[in-house]
Amino acid sequence: MIYTSTRDASVRVSASEAIAKGISADGGLFVPMTIPTINLVDIERLMRLDYIGRAKEILKLYLTDFSDDELAACVENAYRADKFSSPEIAPLYALSDEVQVLELWRGPTCAFKDMALQLLPHLLTAAAAKTRKGVKIVILVATSGDTGKAALEGFCDVPNTQILVFYPENGVSPMQKLQMTTQAGANVGVCAIEGNFDDAQTGVKAIFTDRALEEKFAAHNLAFSSANSINWGRLVPQIVYYVSAYCDMVKSERVKLGAPVNVVVPTGNFGNILAAYYAKQMGVPIGKLICASNANDVLTEFLTTGVYNRKRPFYCTESPSMDILVSSNLERLLFLLSGQDADQTRAYMQALTEEGSYKVSDKLFSKLSDLFAAGSCDDADTERTIRRIFEEYHYLCDTHTAVALNVYAAYRTKTGDAAPTVVASTANPYKFSKSVLHAISPDRVTDDEFDAVEALHELTGAPVPPQLGALRGKTPRFTKVVSKEDMTAAVLEMLGL
């Protein structure tokens, strides 16, 4: 399997090189030049395996320069039973006869990012051993909340790595901030920025393509890589759980083998739903891909009009992991749907940077419309959905999952499409306890995050993850705040350069 860049079709790298580098030198994202396929016989075979077995089978189709033993070690270490609160790793919860909630938050940081970020450190260290011997890998992360903690947890004290996380000072939940700023480990660093997630993401991308900084790093035997979903090693593990979900749907007799299911994903950076697109292109019978946005509805507008416009108000919402206006992984989809036209993709990205918007061709928009549906949901509807789902099904969901359930309900009402549906649930509700508590019982609202946790548990009986409860009373290790212009200086300071 050979990988190329979304902005330079002449690029040719291996899977290991794509993962170790994280981003192409031209600023583009690495993508496999072909998408491997599976058929119904393969799916029937995968149904007989557990999650670890399925992951090995899917990953080896994409990571062809990893040996079977290397992949086995990576996967088995990532998805150990002591790391996940469910033996199924990514279990389905039957909300109704038609709707299955795919619980992707059973890992150590209670967010879907664990599904990839428990695996990425193992993939990256194996890749670096092949391609960057003797070089220490510096992982740079921009986070809107969940990626930061999951990456810190995954890379904590991993030999020959250093991880530095930037987050928007006022753009994450109190629980997310506490998870990051109290992180243990000798090789970790965390820094807030004055700005939003897009500022953090833009700053990290600029650092990656800073040639002077790259030379300085090389002189110290250091090299950058990424744990954001711009890194293919972050995206490819996410494909696995959509394949696995379909296997489980068939195994539980919710659908017949070969019958399509719709997939609903709450997304801001487009990586999670792009993984579902890859699963569909591989041959998993997925019908409509339904993209759910919060008030920052740039993706909803794009998927319904063909115009991507980041020049719009930015809202800090109750679903902060989706508070994003520049969706990086959309670049990969544009590249694929344009017939791997790197020149066209580069032109779209240049227009976005210089003018703040772009419009795709009619041909490309027609393909988008066939594949995707989209909708958005504000905070008031998010809270109403949390309350409705709890009252109707006694199921407690977080704010991001509520956005997905709200958008799905609107889609079904509008289209009448009653196909079996998988809704990606991306975080444990206790990560956003004050917002969820306000939705369930507004009169119990408190300013203290952990008082809100206790009240929510008392009202609902939903178990509190011990790793979140244990944060109470912890003193933050990392309190630094910098301007977005000072991110490079912060990196050098954290590395002692």
Side-chain angles (χ1 to χ4, degrees), residues 40 43 47 88 90-106 112 115 238-267 270-294 299-300 303-304 319 322 368-377 381-382 384-386 388-427 429:
L40 296 183
I43 291 174
M47 285 168 53
E88 290 87 4
L92 288 169
Y93 180 91
L95 200 64
S96 67
D97 290 341
E98 298 84 14
V99 180
Q100 303 281 311
V101 177
L102 178 59
E103 295 183 337
L104 300 172
W105 40 262
R106 295 293 191 147
F112 83 100
M115 299 300 298
Q238 296 179 273
I239 299 171
V240 174
Y241 54 68
Y242 290 112
V243 179
S244 183
Y246 188 82
C247 290
D248 287 342
M249 290 278 279
V250 177
K251 194 172 182 179
S252 66
E253 300 183 347
R254 295 284 179 180
V255 297
K256 291 183 178 179
L257 182 63
V261 300
N262 293 333
V263 174
V264 189
V265 186
T267 187
F270 208 74
N272 201 359
I273 197 166
L274 182 65
Y277 167 82
Y278 269 103
K280 177 181 173 74
Q281 296 307 111
M282 288 180 70
V284 178
I286 293 174
K288 208 64 151 180
L289 295 161
I290 303 167
C291 179
S293 302
N294 61 19
L299 284 170
T300 300
L303 292 171
T304 53
S319 45
M322 299 159 64
L368 284 170
S369 299
D370 288 342
L371 288 163
F372 293 90
S376 61
C377 171
D381 280 337
T382 297
R384 279 191 283 269
T385 302
I386 292 171
R388 176 179 67 82
I389 294 298
F390 183 73
E391 290 174 350
E392 290 184 18
Y393 305 106
H394 204 70
Y395 184 80
L396 193 65
C397 67
D398 85 296
T399 49
H400 303 75
T401 307
V403 169
L405 289 166
N406 179 280
V407 169
Y408 168 69
Y411 165 82
R412 182 165 176 174
T413 298
K414 180 180 178 180
T415 65
D417 184 353
T421 298
V422 172
V423 177
S425 178
T426 56

**Prompt:** Could you walk me through whether Tyr242 and Asn272 pass the side chain to side chain donor-acceptor pair (under 3.5 Å) check?
**Reply:** CA-CA 10 Å; Tyr242 290 112; Asn272 201 359; 2.8 Å; yes
**Message:** Asn406 and side-chain contact (heavy atoms from CB on, under 4.5 Å): which single residue from Val264, Thr382, Thr385 fits?
**Reply:** Thr385
Pairwise side-chain contact, [X] with [Y], heavy-atom cut-off 4.5 Å (strictly under):
X	Y	result
Tyr246	Val255	yes
Val265	Leu289	no
Asp398	Trp105	no
Val101	Cys397	no
Tyr411	Asp417	yes
Val261	Gln100	no
Ser293	Val403	no
Ile43	Pro285	yes

Rounded to the nearest 0.5 Å, what separation is found between the [atom1] atom of [X] and the [atom2] atom of [Y]?
X	Y	atom1	atom2	value
Ser244	Met115	OG	CE	7.5 Å
Lys288	Lys280	NZ	NZ	8.5 Å
Ile386	Leu396	CD1	CG	7.5 Å

Might you point out which heavy atoms bring [X] and [Y] nearest each other, and give the distance in Å?
X	Y	answer
Ala424	Leu104	CB-CD1, 4.1 Å
Ser96	Arg254	O-NH1, 4.0 Å
Cys291	Val407	O-CG1, 4.2 Å
Arg412	Ala418	NH2-CB, 3.5 Å
His400	Thr426	CB-OG1, 3.4 Å

**Asked** Just wondering, more than 12 heavy atoms not from Glu253 lying within 6.0 Å of its CD?
**Response** no
**Asked** Can you say whether the rings of Phe372 and Phe270 are parallel (under 30°), tilted (30 to 60°) or perpendicular (over 60°)?
**Response** tilted
**Asked** Would Gln238 and Phe112 satisfy side chain to side chain contact (heavy atoms under 4.5 Å, CB included), going step by step from the backbone distance to the final call?
**Response** CA-CA 9 Å; Gln238 296 179 273; Phe112 83 100; 3.3 Å; yes
**Message:** If you apply the rule side chain to side chain contact (heavy atoms under 4.5 Å, CB included), what do you find for Glu98 with Asn262, and how did you get there?
**Reply:** CA-CA 10 Å; Glu98 298 84 14; Asn262 293 333; over 6 Å; no
**Item:** SB check Asp381 Arg384 (cutoff 4.0 Å)
**Value:** yes
**Request:** May I ask you to decide if Ala419's main-chain N or O and Thr421's side chain share a donor-acceptor pair within less than 3.5 Å?
**Result:** yes
**Asked** Is it the case that Tyr241 and Asp248 place a side-chain donor and acceptor less than 3.5 Å from each other?
**Response** no
